[in-house]
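Here is the structure we will look at, set down as C-alpha cells.
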Amino acid sequence: MKQIKHFINGEYVESASGRTFEDRNPANGEVIALVSEGDRREVDAAVEAANTALRGEWGRMAMEQRMTLLHRVADRINERFDEFLAAECLDTGKPASMASHVDIPRGAANFKIFADLVRNVPTESFHMDTPDGAGALNYAVRKPRGVIAVIAPWNLPLLLMTWKVGPALACGNTVVVKPSEETPHTAALLGEVMNEVGVPKGVYNVVHGFGGGSVGEMLTQHDDVDGITFTGETVTGTHIMKAAAPGLKPLSFELGGKNAGIVFADADMDKAIEGSMRSAFANCGQVCLGTERLYVHRSRFDEFVDRLKKGAEALTMGWWQDDGVSFGPLISRVHQDKVLSYYEKARAEGAEIITGGGVPDMPEALRAGNWVQPTIWTGLPETSPVISEEIFGPCCHIRPFDDEDEAIALANDTPYGLATSLWTENLTQAHRVAPQMEVGLCWVNSWFLRDLRTPFGGSKRSGIGREGGVHGLEFYAELSNVCIKL
Ligand code: NAD
C-alpha cells in the first residue's frame, strides 16, 4: 500500500504517533494510500522549520534567484505532468480531460505568474516638506509576512493550493500547507519537486491531517504562524477566525458561494448553454464559482431548460482515464449523502425534476463510487434550502423572470457573493447590470475565464480579501514605510 507522509524541513516523515488515515478513490471506493495523520508534534516541527528557513538561506536569497527557483518549480511540475495528473485524478476521480487542462497546468503556472508579478510591482514614495526646509523622503518596502499557514480544499487540490503557495513564496515567505484530508497526494508530491529544483529545506512544508481538533486547528492557533490563508466552506472560515483571534493573525479567506447565472432575452443561446453546462456540471458541480441558480427570461425559458437538459443527459460518466469521459464522482461518501439529501429535499418540496435526481446505475467496477446524476429542477420557491444553501453538487434550479430589476434582485438575494455570469448580447445591458451584482467576480458571456493578474475573491460571506495579481500582495507581504529626514 502506498504511504503518503508529511514533508517537513525537506524530508518525508511519518507521524510520531504512527497514526494513519485512508485515502480513497471516489470513483470506486478503493483505498489508494495510507496517509500519515499529524498532531501537534508535526505541526510544531513544520512551523519551526518554516521559521528557521526565514532566517537562513531563503531569507537572504536575492530576489532574482528566488524567482528563478519558482520558475523551475513550475517547469518541473510540467516535466512530471503525468505523475501529478494521475495523483490528482486518483484522489478526486475527476476526468483527465479536465485535470490535464485546468488543475495541473494552472497549478504549475501559479508559480511563474506570481514570480513575474512580484518582480515588477513598484512601491510608493513621497517627498515631504519639513519646517527646517530640508524635507524628508518616504518610501515603502515590501517584506515577507513570515510563516503562512495554507489550508486548502479538495475540489481543485493542486491549483488552489499553489494559488496561495505561489504568491507566498514569491513574496519571500515560508509555508506550512494543510491539504484536504480527501486529497493529500499532489501537495506531498510537490515536496519532491521542491527538493529537485533546490528550494531550501523548510520553505515548503506539508502536514497531513484533519480540520477541527486536528492539524488545521493547531496551525490556526499556533503562536509562530504569521498569517492564515484558507479556501473552503464559509462555516469553516468562522471557526478559523475564532481560532486566529487571540493571536490577531491576518487572514485571507476564499469561501463558499451560491452563484447565480442570468440569461437575458437577447442572450446568444449557444453561448449561454455552453457556459451554463460548464458552470453547473464541471468537476461534478464541485467548483466554488459554479452556478446552482439560473434565472432565465421568460421568453427563452422553455428553450433554455430543454437545451440544458439535453446537455446534462449527454454527459459521460466514467473512469478518469477513459476516452470521452466528461463527468466524475463526488469526492466522498459523506459529500454524496449531503448532495443526495438536497435531491430528496427538492423532491419533497415538489420541484419538477427536469433530469437526474438520483444515483446513476454504474458498471460493477464503479458501483462503490460516490456517483450522482447531473440534476436540473424547476418550480421551487426561492425560500427553499435547495435555492438558498450551497449544495456543491452537479445540480441547478432554473426560474423564469420578466424584467431586469427582478433578475438582479433574485440573483443578489443571498448571503453569499462570489460569482455571477450574465448572458446577453446587449452591451449596454451588460455594463448596466454587472456593477449591480453583489459579487467579487462577474462574467459576461463567459464563466471561469481567468486573467491571473485580476482580483479574485468573494463579497459578503464568500470571502475576506482578494488574491490574484497585485491584490494578493496586501496579504502575502507587509508594507513598511521608511522615512528619511534629509
Ligand atoms: P472545508 O471547509 O470542509 O475544508 C477546507 C480545509 O479546511 C480542509 O483542509 C479541512 O481539513 C480544513 N478545516 C476544516 N475545519 C477546520 C478548522 N476548524 N480549522 C482549520 N482547518 C479546518 O471545505 P471543503 O469541503 O474542503 O471545500 C469545499 C468548500 O470550499 C465549498 O464551500 C466551496 O465553495 C469552497 N471553495 C471556495 C473557493 C473560493 O475560491 N471561494 C474555492 C474552492 C472551494
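The first residue of the sequence shown is numbered 1, and numbering continues consecutively from there. In listed order, ligands and their atoms are each counted from 1.
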Taking the basic N atoms (NZ, or NE/NH1/NH2) and the acidic carboxylate oxygens, is any pair closer than 4.0 Å for Arg119 and Asp116? yes
Go through the steps to decide whether Glu438 and Ser459 satisfy the test side chain to side chain donor-acceptor pair (under 3.5 Å), and finish with yes or no. CA-CA 7 Å; Glu438 296 168 359; Ser459 305; over 6 Å; no
Candidate pair Thr174 and Tyr204, rule side chain to side chain donor-acceptor pair (under 3.5 Å), full reasoning: CA-CA 6 Å; Thr174 56; Tyr204 173 81; over 6 Å; no
Pi-cation contact, Phe475 with Arg145 (under 6.0 Å, within 45°): yes
Under a 3.5 Å cutoff, is there a donor and acceptor pairing between the side chains of Lys5 and Ser36? no
List of N/O pairs, ligand 1 versus protein, all under 3.5 Å?
residue  : atom   : partner : partner atom : Å
ligand 1 : 2 (O)  : Glu233  : N            : 2.9
ligand 1 : 2 (O)  : Thr236  : OG1          : 2.6
ligand 1 : 9 (O)  : Ala152  : O            : 2.7
ligand 1 : 9 (O)  : Lys178  : NZ           : 3.0
ligand 1 : 11 (O) : Lys178  : NZ           : 2.6
ligand 1 : 11 (O) : Glu181  : OE1          : 2.7
ligand 1 : 23 (O) : Glu233  : N            : 3.4
ligand 1 : 25 (O) : Trp154  : NE1          : 2.9
ligand 1 : 26 (O) : Trp154  : NE1          : 3.1
ligand 1 : 30 (O) : Gly232  : O            : 3.4
ligand 1 : 32 (O) : Glu390  : OE1          : 2.6
ligand 1 : 34 (O) : Glu390  : OE2          : 2.5
ligand 1 : 40 (O) : Glu254  : OE1          : 3.4
ligand 1 : 41 (N) : Leu255  : N            : 3.2
ligand 1 : 41 (N) : Leu255  : O            : 2.7

For atom CD of Glu48, decide whether the heavy atoms of other residues, nucleotides or ligands shown that lie under 6.0 angstrom number more than 12. no
